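FYI, side chains are in, hydrogens and waters are out, and symmetry mates aren't considered; it's all heavy atoms of this structure. The shown structure was predicted, so the numbers you read here are calculated from the model rather than taken from an experiment.
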Amino acid sequence: MSKPYVITNEKMTQGPISPRLSSHFIELGYGYQIEPMWGEMFFNRSFEKYIRYRDNNKKWFDLWHDEKDESKGYETDWSKFDWYHTGYEHNAWFAAPGEEGPFHIDDNSTFLIEKSPTNNVEIELIEGGVHGNHFMRIHNREQADRGGLGQQGKYFRQGASYRFRGKLRNVANADTATVEFYREGEWEQPLFSKTLTGIGQDFTEQEWTFHNADFQGRATFVLWIPVGSTLEADDFSLMPTDTIGGWRKEVVELAQRVNPKVIRWPGGCFASFYDWRDGVGPYSMRKP
């Protein structure tokens, strides 16, 4: 027999109806639960080779045009999905000046655009470095123009401060380099600029903290190196300074409002492929 229920905004009890009702259960992210909540703003900050998605990943992301007939292929333009720009964005490293191109992701994607379309500038992944399995080598073969390494898709909040950090090595004529951020799609005037000095022949850490007083929106990061120079880079990071243990401040505040008593973390998809020991210890020593 049916039983009527009344829904009201009146608080009916001071405690839980049942001790079994102890928490919330939210899991959606296909293994990407952490990226939108973590403060890191670079994609592939340690310059590793891209590992292609497996067929079951494509199924989780609902990419197949026909799951019963995989010969019909899968969707490669991820930018059309409403979830893509909320932590899933795959920003390519590119030789600057240049741009990352369209957001097409397939089995041949490297997220590395090795040559600038306008200048004699080239980037390449090299095995070794100080973090992970690879590092980036940047060649500026121009004799009178700028060249370097870039990545788009950095969203800045007005009134926030940010910290850039990276390890650099001077291979040839690159004892200085300049970090700049531009409005995405514009190259005339940088929003922020800092010249890094004293770059030696061993990987040494450089860092810069800056305040964003006025700008709100997407920006492009560029590391410019001198004309006729070669520089190597590894272990980059770009984060807001108000992160809490590396987590975005607003995420922590929202979690406090939800106030769950039990958390299933980080979720089944992520935990299936992840060794928790890779995520402990100093940030720069963790496996990328």
| Does some side-chain heavy atom of Pro226 sit less than 4.5 Å from a side-chain heavy atom of Asn173? | no
| Can you tell if the side chain of Met239 reaches within under 4.5 Å of the side chain of Arg163, non-hydrogen atoms only? | no
| Taking Asp234 for the side chain and Val130 for the main chain, is one N or O donor matched with an acceptor at less than 3.5 Å? | yes
| message | Between Asp275 and Arg277 (salt bridge meaning N to carboxylate O under 4.0 Å), is one present in this structure? | response | yes
| message | By the ring-ring contact (aromatic ring centres under 6.0 Å, His included) test, which pairs, at least two apart or in different chains, include something from residues 103-123? | response | Phe43-Phe111, Tyr50-Phe111, Tyr84-Phe103, His85-Phe103, His90-Phe111
| query | Are the charged groups of Lys167 and Glu205 less than 4.0 angstrom apart, N to O? | reply | yes
| Taking all atoms of both residues into account, what is the closest heavy-atom pair of Glu40 and Ser237, and its distance? | OE1-OG, 2.7 Å
| query | Parallel, tilted or perpendicular: which describes the rings of Phe156 and Phe181, with under 30° parallel and over 60° perpendicular? | reply | perpendicular
| field | Ser46 (side chain) donor-acceptor with His131 (main chain) under 3.5 angstrom | value | yes
| said: Would you say that more than 12 heavy atoms from the other residues, nucleotides or ligands in this model lie under 6.0 Å from the CG of Asp214, or not? | reply: no
| remark: In Phe221, Phe47, Tyr162, the residue satisfying ring-ring contact (aromatic ring centres under 6.0 Å, His included) with Phe42 is Phe221
| In Å and rounded to the nearest 0.5 Å, what is the CD1 to OG distance from Ile199 to Ser229? | 9.0 Å
| field | Candidates Glu184, Glu186, Glu180 - the one meeting side chain to side chain donor-acceptor pair (under 3.5 Å) with Tyr182 | value | Glu180
| If you round to the nearest 0.5 Å, how far is CD of Gln152 from OG1 of Thr220? | 4.0 Å
| said: For Glu122, run the side chain to side chain donor-acceptor pair (under 3.5 Å) check against Arg141, His139, Arg137 and tell me which one passes. | reply: Arg141
| task | Flag the pair Asp106 and Lys58 as a salt bridge only when some basic side-chain nitrogen lies within less than 4.0 angstrom of an acidic carboxylate oxygen. | result | no
| message | Quick check: do Thr197 and Asp175 have side-chain heavy atoms less than 4.5 Å from each other? | response | no
| In one Ile/Leu/Val/Met/Phe/Trp/Tyr side-chain cluster, 4.5 Å: Phe192, Leu238 | yes
| remark: Rounded to the nearest 0.5 Å, the OG1 atom of Thr76 sits from the CG atom of Asp107 at a distance of 10.5 Å
| field | Common cluster, Phe210/Leu191, ILVMFWY with side-chain heavy-atom separation under 4.5 Å | value | yes
| task | Give the C-alpha distance, both sets of side-chain angles, the deciding distance and a yes or no for side-chain contact (heavy atoms from CB on, under 4.5 Å) between Gln158 and Phe215. | result | CA-CA 5 Å; Gln158 183 178 2; Phe215 177 70; over 6 Å; no
| query | Roughly how far apart are Gln206 CD and Phe236 CZ, rounded to 0.5 Å? | reply | 10.0 Å
| request: List the atom of Asn140, the atom of Gly147, and the distance in Å for their closest heavy-atom pair. | output: ND2-N, 3.3 Å
| query | If two hydrophobic side chains count as joined below 4.5 Å and joins carry through other members, does Phe94 share a cluster with Val179? | reply | no
| query | For Phe135, is the NZ or CZ atom of Arg169 found under 6.0 angstrom from the centre of its six-membered ring and inside 45 degrees of the ring axis? | reply | yes
| task | Answer yes or no: does atom CD of Glu99 have more than 12 heavy-atom neighbours from other residues, nucleotides or ligands under 6.0 Å? | result | no
| Is Trp187 reachable from Ile138 through a run of hydrophobic residues whose side-chain heavy atoms are each under 4.5 Å from the next? | no
| task | Mind jotting down which residue pairs meet the salt bridge (Lys or Arg N to Asp or Glu O under 4.0 Å) criterion with at least one end in residues 245-258? Sequence neighbours excluded, please. | result | Arg248-Glu250, Lys249-Glu253
| Would you say Leu168 and Trp224 are hydrophobically clustered, going by side-chain heavy atoms of ILVMFWY under 4.5 Å? | no
| remark: For Gly39 and Thr243, the nearest pair of non-hydrogen atoms, with its separation, is CA-CG2, 4.1 Å
| query | Heavy-atom distance under 4.5 Å between the side chains of Val171 and Leu231, does that happen here? | reply | no
| request: Quick one: do Asn91 and Lys154 satisfy side-chain contact (heavy atoms from CB on, under 4.5 Å)? Show the steps, please. | output: CA-CA 9 Å; Asn91 298 112; Lys154 311 305 122 200; 3.8 Å; yes
| query | Do Glu70 and Lys59 pass the salt bridge (Lys or Arg N to Asp or Glu O under 4.0 Å) test, and can you show the C-alpha distance, the side-chain angles, and the key distance before you say yes or no? | reply | CA-CA 10 Å; Glu70 294 182 359; Lys59 182 177 181 179; over 6 Å; no
| Value rounded to 0.5 Å, distance of CG in Asn133 from CD in Glu48 | 5.0 Å
| task | Taking only Lys NZ, Arg NE, NH1 and NH2, and the carboxylate oxygens of Asp or Glu, determine whether Glu67 and Lys72 approach each other closer than 4.0 Å. | result | no
| task | Please tell me if the side chains of Thr176 and Leu196 come closer than 4.5 Å, counting only heavy atoms from C-beta onward. | result | no
| task | Keeping the roles fixed (side chain from Asp69, backbone from Asp66), state whether a donor-acceptor pair exists under 3.5 Å. | result | no
| message | A side-chain contact here means heavy atoms from C-beta on lying under 4.5 Å apart; do Met37 and Trp247 qualify? | response | yes
| field | Atom CD of Gln201 with >12 non-hydrogen neighbours under 6.0 angstrom | value | no
| said: Which residue is it: Trp78, Tyr88, Trp60? I am looking for the one with a ring-ring contact (aromatic ring centres under 6.0 Å, His included) to Tyr53. | reply: Trp78
| said: Can you give me the closest heavy-atom contact between Ala95 and Glu114, atom names plus distance? | reply: CB-O, 3.6 Å
| query | Between Ile113 and Glu100, which heavy-atom pair has the shortest distance, and what is it? | reply | CD1-O, 3.1 Å
| Mind checking whether Tyr74 and Trp64 have ring centres under 6.0 Å apart? | yes
| Short side-chain to backbone donor-acceptor contact, Ser116 and Thr118, under 3.5 Å | yes
| Do Leu125 and Leu112 come within less than 4.5 Å of each other through their side chains, counting heavy atoms only? | yes
| Partners passing salt bridge (Lys or Arg N to Asp or Glu O under 4.0 Å) against Arg45 (at least two apart in sequence or in another chain) | Asp235
| task | Please name the pair of heavy atoms, one in Val222 and one in Ala96, separated by the smallest distance, quoted to 0.1 Å. | result | CG1-CB, 3.9 Å
| Salt-bridge criterion met for Asp77 and Lys80 (N-O under 4.0 Å) | no
| message | Could you check whether any side-chain N or O of Asn170 sits under 3.5 Å from a backbone N or O of Ala172, counting only pairs where one atom can act as donor and the other as acceptor? | response | yes
| field | Sidechain N-carboxylate O distance under 4.0 Å for Arg157, Asp242 | value | yes
| field | NZ-CD1 distance between Lys115 and Ile123, expressed to the nearest 0.5 angstrom | value | 12.0 Å
| message | Could you check whether any side-chain heavy atom of Thr178 comes within less than 4.5 Å of a side-chain heavy atom of Leu223, counting everything from C-beta outward? | response | no
